[in-house]
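A quick write-up on the structure given underneath.
Please read all numbers here as calculations on a predicted model, not as lab measurements. Sequence lines set the chain letters: A, B, ... in the order given, protein chains first and strands last, and positions in each chain run from 1.
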Amino acid sequence: MPEITLNARALSRNFGLRTAVRDVSLELRQGEVLGLLGPNGAGKTTTLQMLAGCLAPTAGAIEICGIDLLEQPRQAKALLGYLPETPPLYRELTVDEYLGLAARLRRVAKPFVAEAVESAKRRCGLTEVGKRLIGNLSKGFQQRVGIAQAIVHNPRVVILDEPTVGLDPIQIREIRSLVRELGREHSVILSTHILPEVESVCDRIQIMHQGQLVFSGNWEALKAQHPAQSSLEDAFIRLTQQQEESA
Amino acid sequence: MIFTIAAKELKTLFSSPLAWIILAVLEFILAYFFLGQVDAFLAVQSQLAAFANPPGLTELVVAPLFGNAAMVLLMAVPLLSMRLIAEERRNQTLTLFLSAPIAITEIVLGKFLGLMAFLGLIVGLLVAMSLSLYAGAAIDLGLLAGNVLGLILLAASFTALGLFISSLTAHPIAAAIGSLGAFLGLWIVNLSARDPASWLHTLSLLKHFESFNRGTINTFDAAYFVLFTVLFLVLAVRRLDNQRLRG
């Protein structure tokens with residue numbers, strides 16, 4: 001069994017009196033793409049923010065490759081790459097400058113920065129636009145720059161929050177194949193509410209609804225659990241409805 | 001790591017027209033003022049000889065120049081410090097730093113030093129202007145050094161407070177107005193204090209700068225500026241840390 005690269009146990013997060021995420025546990029293994037699925041407002045982004053160390057959980061523990069994210073954030077974050085919902089791009093920098101900055105911030109040693117930037121650009125198809133200002137790039141290219149900054153330091157775990165949102169069908173296909181490729185060398189966790197994306201990219205899925213996990217397993221298991229439903233979409237809707245009925 | 005962030009800050013400053021315009025406008029105003037002081041000095045030069053212990057060129061030209069520069073910085077720093085954190089928050093680029101293996105203290109210090117380097121450039125231009133007097137006369141280097149130190153300490157206090165105010169909001173303009181108000185308030189806080197022993201004098205930034213402006217390096221005044229700077233840098237760190245905890 002491949003090594004566990006990310007292990008989150010019983011994560012909860014409250015914002016004031018509102019509970020955004022309740023008792024969510026996740027496990028990610030080397031070479032795996034995990035899809036975090038759920039309708040809008042299910043708590044996916046909050047969960048990913050906690051996994052990336054940008055938001056402290058109210059309760060629960062997170063380990064990245066056995067290192068506790070809350071106890072040793074520096075060591076743990078060095079193994080993480082994170083693409084938030086809005087890519088954190090500086091429009092006034094060129095792609096090369098920006099990726100160089102991202103690499104330095106992720107503590108890539110100075111002599112290796114140029115090499116790291118080159119390889120990230122190659123993998124994300126950005127070789128041609130290295131000298132251009134990020135602000136002048138199209139949305140698809142900006143999204144790729146966002147992914148490139150998440151993988152520039154060759155992290156063990158890559159966290160992608162809705163990586164294909166707002167892209168055209170060709171770009172979506174490109175990003176998906178990139179994610180699949182990333183999944184072979186790293187371990188990837190991605191959130192989405194687009195169901196075909198999960199079917200085409202993810203090895204395993206976890207479905208969230210109203211801040212809680214309602215399903216965890218692979219696509220076959222979901223089908224086995226809901227034999228009456230013919231598609232992932234039906235099973236998904238069925239699951240979230242069940243949840244609402246019981247609540 | 002602190003220097004990587006500082007270099008990035010400086011780079012973003014110079015890649016926007018704002019920094020260049022501020023540099024040009026400040027330099028123009030200060031040069032105009034310098035010229036006026038030199039003219040005034042030339043006009044009274046012959047009468048000065050009648051005094052037993054006449055004020056020198058440095059006292060009549062350089063000290064007022066730095067006194068005015070302090071006032072000009074008071075108005076310029078809010079425009080520069082407003083974007084330090086507020087704009088990052090608005091563009092959601094702060095996650096690049098927060099998800100990287102760096103401490104929040106490093107982020108704050110990096111941003112502080114980045115802006116200080118820019119303000120150092122303005123002080124450097126003032127020094128060059130003062131030294132140009134050597135073309136015709138000797139100047140009092142001790143008085144100049146006192147003024148330079150005072151102005152740098154004052155700029156550090158402005159920057160730290162501006163950085164803290166910028167960390168409170170996601171609106172750069174709100175941060176700018178808040179900072180301007182705070183600077184002006186602290187500048188004139190002792191205006192109504194008739195009693196020379198009043199604690200309001202201790203609070204006033206202007207009062208502490210005055211001794212440097214006269215050429216006396218008073219450790220009490222220096223300590224005030226240093227403590228002021230440290231206090232607001234610590235508050236900015238706390239504020240950003242709180243954001244991670246509270247969301």
Salt-bridge present (B:E106, A:R107; N to O < 4.0 Å): yes

Residue part contacting chain A, namely of B:I5, when any heavy atom lies under 4.5 Å: side chain

Toward chain B, the part of A:E97 with a non-hydrogen atom under 4.5 Å: side chain

Donor on one side chain, acceptor on other, A:E92 and B:S15, under 3.5 Å: no

Atom CZ of A:R9 with >12 non-hydrogen neighbours under 6.0 angstrom: yes

Partner chain B: residue of A:P73, A:G53, A:A56 with the largest heavy-atom pair count (under 4.5 Å): A:A56

Closest heavy-atom pair and its distance - B:T93, A:L89: CG2-O, 3.3 Å

Sub-4.5 Å side-chain heavy-atom contact between B:T12 and A:R91: no

Between A:L133, A:T46, A:L105, A:L80, the one whose heavy-atom pairs under 4.5 Å with chain B are most numerous: A:L105

Over 12 foreign heavy atoms within 6.0 Å of CZ, B:F14: yes

Face-on cation placement of B:K8 at A:Y90 ring, 6.0 Å and 45° thresholds: yes

Contact origin within A:Q49 toward chain B - heavy atom pairs under 4.5 Å: neither

Residues, nucleotides or ligands: over 12 heavy atoms within 6.0 Å of A:E181 CD: yes

Nearest atoms (heavy-atom pairs only) where B:Q243 meets A:L55: O-CD1, 4.2 Å

Partner chain A: residue of B:A103, B:S99, B:S16 with the largest heavy-atom pair count (under 4.5 Å): B:S99

B:L131 atom CG, neighbour heavy-atom count above 12 within 6.0 Å: yes

Where B:R244 and A:C54 come nearest, the two heavy atoms and their spacing: CG-O, 3.3 Å

Part of B:A7 lying under 4.5 Å from any heavy atom of chain A: neither

B:L98 to A:K77 - nearest heavy-atom pair and separation: O-NZ, 2.8 Å

Any B:Q92 side-chain heavy atom under 4.5 Å of A:P88 side chain: no

